[in-house]
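For reference, the structure discussed in these notes is given below.
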Amino acid sequence: MLSFTRLPRAPPLAETNPVCYRLCMTSLIYVLNGPNLNLLGTREPEIYGAGTLDDLETLCAETAEGLGLAIEFRQTNLEGELITWVQEARQKAAAIVINPAGYSHTSIALMDALLSVELPVIEVHISNVHTREKFRHHSYVSRAAQGVICGLGFAGYRLALIALSDILEEDQ
Ligand code: CA2
């Protein structure tokens, strides 16, 4: 009678081989949203549209799925938390989409975090910041972004994910 000894299972190749990792693993994109974006859909629909933050997450998740990407979608009202998430992305993500909201125009600390993350970053604004108040025309974050999309509503996030899909494919 034949008997079999059960051998320990080898780890998946993608976990041990960096080339296979790049080709086989779904790229994770951090989609980060700054202060007050939790209010989407509740106020100022003439500027930000009628959709909620949940609607925006659904749009991003569906877009990512169609592109073969995965997303981690988050919103915070705290500058330090946004910075911590950017630092975390360095270990866990392939790229970042960020709408820093009001911190775009004020935060050198967030800019520094994004400059040191060594990942492709796309900055998105729902409204066209250049047709609004002068203080919205400058973004510290833009210095750390590979691309900036503004004024296209929620579709800006979709376009950012499509652009990152191309950028990540080119990097392979
Ligand atoms: O247009 C954008 O996406 C902004 O990043 C939104 C920020 C603003 O400070 C930037 O200049 C441009 C404000 C987010 C506030 O979001 C709200 C949404 C609904 C109701 C009230 C605020």
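Just so it is clear, the structure is predicted and the values come from calculations on it, not from any experiment. Each ligand, and each atom within it, is numbered from 1 in the order the structure gives.
Between Ser104 and ligand 1, no N or O atom pair is found at a separation short of 3.5 Å. Checked against a 3.5 angstrom limit, the closest N/O atoms of Ser127 and ligand 1 fall inside it. At a 3.5 angstrom cut-off on N or O pairs, Asn99 counts as close to ligand 1. Residue Val124 has no nitrogen or oxygen atom sitting less than 3.5 Å from a nitrogen or oxygen atom of ligand 1, judged on distance alone. Ligand 1 has no N or O atom lying under 3.5 Å from any N or O atom of Tyr48, backbone or side chain.
If you check the side chains of Tyr48 and Asn36, you find no donor sitting under 3.5 Å from an acceptor.
Around atom CZ of Arg132, more than 12 heavy atoms belonging to other residues, nucleotides or ligands sit under 6.0 Å away. The neighbour count for Glu88 CD, taken as heavy atoms of other residues, nucleotides or ligands under 6.0 Å away, is above 12.
Here the heavy atom of the protein found nearest to atom 21 (C) of ligand 1 is Glu44 OE2, 3.4 Å. Of the protein's non-hydrogen atoms, Arg136 NH1, 3.2 Å is the one closest to atom 8 (C) of ligand 1. Among all protein heavy atoms, the one lying closest to atom 11 (O) of ligand 1 is His105 NE2, 2.7 Å. Scanning the protein heavy atoms around atom 3 (O) of ligand 1, the nearest turns out to be Ile126 N, 2.7 Å. Protein heavy atom in closest approach to atom 4 (C) of ligand 1: His125 ND1, 3.7 Å. Here the heavy atom of the protein found nearest to atom 17 (C) of ligand 1 is Asn36 O, 3.5 Å.
No donor-acceptor distance shorter than 3.5 angstrom exists from the side chain of His138 to the backbone of Thr106, with no hydrogens or angles considered. Looking only at distances, no side-chain donor or acceptor of Asp171 sits under 3.5 Å from a matching main-chain atom of Leu168.
Considering only heavy atoms from C-beta on, His125 comes within 4.5 Å of Pro100 through its side chain. With a 4.5 Å cut-off on side-chain heavy atoms, Tyr30 and Leu119 do not count as touching. Glu123 places none of its side-chain heavy atoms less than 4.5 Å from the side chain of Leu114.
Distances below 4.0 Å separate heavy atoms of Arg43 from the following atoms of ligand 1: 19 (C), 20 (C). Every atom of ligand 1 with a heavy atom of Val129 under 4.0 Å away is listed here by number and element: 11 (O), 12 (C). The ligand atoms of ligand 1 that sit less than 4.0 angstrom from a heavy atom of Gly102 are 9 (O).
Transitive grouping of hydrophobic side chains (ILVMFWY, heavy atoms separated by less than 4.5 Å) brings Leu110 and Trp85 into a common cluster.
In summary, of the residues considered (Val121, Ile149, Leu32, Leu161), a side chain to side chain contact (heavy atoms under 4.5 Å, CB included) with Val97 occurs for Leu161 alone.
For atom 7 (C) of ligand 1, the candidate residues are Pro35, Gly153, Ala101; the nearest heavy-atom contact is made by Ala101.
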